[in-house]
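Structure, as structure tokens:
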Amino acid sequence: MVRPRLEAFAAEMLGSLKRRDQRAKGELYMRGLMLDGKRKSMQPMAERLGVDHQQLQQFVSSSTWDYAEVRRRVARWAAAHIAPEAYAIDDVGFPKDGYDSPGVARMYCGALGKRGNCQIGVSVNLVSDRASAAVNWRLFLPESWDDAKNSGDALLAEAIRRRRTRAGIPDQVRHRERWRLALDMLDEAREEWELPGLPVVADAGYGDATGFREGLTERGLAYAVAVKGSTTCYPGDAFPERPPYSGTGRPPGPAYPQPHTTLRALALATGRGAARTVTWRHGTKTTKNNPRAAMRSQFLALRVRPANRTIRRATDGSLPECWLLAEWPPDSAEPTDYWLSTLPADTPLRELVRIAKIRWRVEHDYRELKDGLGLDHFEGRSYLGWHRHVTLASLAQAFCTLLRLDPKAPAPA
């Protein structure tokens, strides 16, 4: 039966909560998220559970318990049970009607498919081809929620401080770019939770940030991140040269003799003939011509040196070398997708493609988190409550994953 397994799993994951009634309410909240019903906000869940919604409200919004420790336990469980192969960085929009929820502003929202009033949550996920787990979260605060960023307008800064106070936002929590939030969470996962050093995958919203890529390299983490085809680069075999010194003025430093190009131009110059067909996994939609539902396309892999003014160079003036992976479908006149990767230079093409594409699992599981487990249904207006709700939704998904991976096994002791 599922109920005893849920109780055992919740007892392990919520074991850091000091009081028995807190652990019981945590399990109750998890059950509410997993019960049938479209809305997973407090009152609908309480009605299905047959309890007063104030119990759930008090547990999430004002009770004293540490959600970071619950996340650590979920992360350690996921690292042991889903055999993760990468950290996937992602974010999700939470549409909102009003302007009092912490971090709410007019931003592009994937759930709406356009700019709209929303919150943005950034997540770090442990991912393999068979499962994923959202193990860490940060709520993105736009500059409009940071009085320090608006200190030139005293009235506006004071209004922002009042909004922050109402939402219970800690004073040390300030506006940080989403990619910086991702790096902060990776630091927490590796340094405090002692998770392994896995490759990092992310979409172009993160891959296009040079600081994010360099931050991963500084941390010793390889990556395979999507980027735009307009990203500038030199070929991998290009090297800087030191121009002759005229004898007057400051001696010139080493520089690349040819102008830089773009990933798109480099791929086109290499040509479709260099692309190879790769099957990176098998899906579920079979057809007469594809009975095994093979996910395949053509890919080009080249060594390149990304180039812009902010990328740090070696003492000889050279830029760091990495992989360019470009997907070039047979029916397309040019590549449709690009990735930069610091996986080892001897990595086989199929492995490059598989890691770059592994984000599909997170996108798949986000649908479960949102549609089945009420990730974006929280209606509270507190910073603490938001973080606790997404933690409990992730915990509920981890339990669902446990059932999928080993439906007949006993729950962990």
Side-chain angles (χ1 to χ4, degrees), residues 86 88-91 108 110 113-115 129 199-210 212-213 223-238 256-308 311 319-343 345-364:
I89 309 301
D90 215 332
D91 53 48
Y108 178 80
K114 60 181 181 180
R115 283 180 62 85
D129 278 323
V200 176
V201 297
D203 65 20
Y206 297 87
D208 282 332
T210 300
F212 178 65
R213 302 198 307 267
Y223 59 77
V225 294
V227 292
K228 295 186 180 73
S230 57
T231 301
T232 53
C233 69
Y234 293 101
D237 58 2
Y256 286 90
Q258 301 298 324
H260 58 64
T261 182
T262 66
L263 301 180
R264 175 180 177 273
L266 195 58
L268 289 173
T270 303
R272 183 195 292 277
R276 290 166 48 195
T277 300
V278 174
T279 299
W280 64 91
R281 70 179 179 90
H282 290 84
T284 57
K285 296 181 180 179
T286 60
T287 65
K288 182 179 179 180
N289 296 327
N290 189 5
R292 297 186 62 198
M295 308 289 288
R296 67 166 63 95
S297 186
Q298 290 188 325
F299 294 87
L300 187 69
L302 304 170
R303 300 296 287 175
V304 299
R305 298 178 185 272
N308 66 45
I311 297 178
L319 290 159
E321 186 181 7
C322 67
W323 282 111
L324 158 63
L325 179 67
E327 182 174 357
W328 198 332
D331 58 353
S332 179
E334 63 178 74
T336 56
D337 297 281
Y338 300 85
W339 295 263
L340 290 176
S341 175
T342 55
L343 289 170
D346 60 354
T347 303
L349 177 60
R350 185 179 182 278
E351 183 66 4
L352 271 177
V353 173
R354 194 181 68 82
I355 294 298
K357 289 280 193 177
I358 206 169
R359 282 186 59 253
W360 76 270
R361 183 76 237 185
V362 173
E363 294 169 352
H364 174 277

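None of these values were measured; they are calculated from a predicted model.
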Measuring from His282:NE2 to Asn290:CG, what's the distance to the nearest 0.5 Å?
7.5 Å
Quick check: does any side chain N or O of Arg272 sit under 3.5 Å from a backbone N or O of Pro335, one acting as donor and the other as acceptor?
no
Does any N or O in the side chain of Ser332 come within less than 3.5 Å of the main-chain N or O of Trp328, such that one atom is a donor and the other an acceptor?
no
Gap separating the CH2 atom of Trp323 from the CG atom of Leu340, nearest 0.5 angstrom
12.5 Å
Closest non-hydrogen atoms of Asp129 and Arg361, given as atom of the first, atom of the second and distance, are O-CD, 3.6 Å
Run the side-chain contact (heavy atoms from CB on, under 4.5 Å) test against Ala275 and tell me which residues pass, sequence neighbours left out.
Gln298
Heavy-atom donor-acceptor pair, Arg213 side chain to Gly207 backbone, under 3.5 Å:
yes
For the side chain of Asp90 and the backbone of Glu363, is there at least one donor-acceptor N/O pair under 3.5 Å apart?
no
Of the non-hydrogen atoms in Ser230 and Thr262, which two are nearest, and what is the gap between them?
O-CG2, 3.8 Å
When you measure from the side chain of Thr232 to the backbone of Ala307, do you find a donor-acceptor pair of N or O atoms at a distance under 3.5 Å?
yes
Taking the side chain as everything from C-beta on, heavy atoms only, tell me whether Arg281 gets closer than 4.5 Å to Trp360.
yes
Which atom pair, heavy atoms only, marks the closest approach of Ser341 to Cys322?
O-CB, 3.2 Å
For Ala86 against Ile358, the heavy-atom pair lying closest together:
CB-CG2, 4.3 Å
May I ask you to test the Leu352-Trp339 pair for a side-chain heavy-atom distance under 4.5 Å?
no
Is any side-chain heavy atom of Pro306 less than 4.5 Å from a side-chain heavy atom of Ile311?
yes
Should the ring pair Tyr256 and Tyr234 be called parallel, tilted or perpendicular, given that the plane angle runs from 0 to 90° and is split at 30 and 60?
parallel
Check Leu302 against Ala267 and note the closest heavy-atom contact, atom names and distance.
CD1-CA, 4.5 Å
Separation between CZ (Phe212) and OH (Tyr223), nearest 0.5 Å, reads 9.5 Å
Of all the heavy-atom pairs spanning Leu268 and Ala333, show the shortest one and how long it is.
CD2-O, 4.4 Å
Listing request: all salt bridge (Lys or Arg N to Asp or Glu O under 4.0 Å) pairs with a residue in residues 320-337, at least two apart in sequence or in separate chains.
Arg264-Glu334, Arg303-Glu321, Arg305-Glu321, Glu327-Lys357
Gap separating the CG atom of Leu325 from the OG1 atom of Thr347, nearest 0.5 angstrom
11.0 Å
In Å, rounded to the nearest 0.5 Å, how long is the span from CD1 of Ile355 to CG of Leu343?
6.5 Å
Find out whether Val304 and Pro235 are in side-chain contact, i.e. whether some heavy atom of one side chain is under 4.5 Å from a heavy atom of the other.
no
Thr231 and Tyr338, any side-chain heavy atoms less than 4.5 Å apart:
no
Indicate yes or no: at least one non-hydrogen side-chain atom of Leu324 is less than 4.5 angstrom from one of Cys233.
no
Could you give the distance from CG (Asp91) to OH (Tyr108), rounded to the nearest 0.5 Å?
10.5 Å
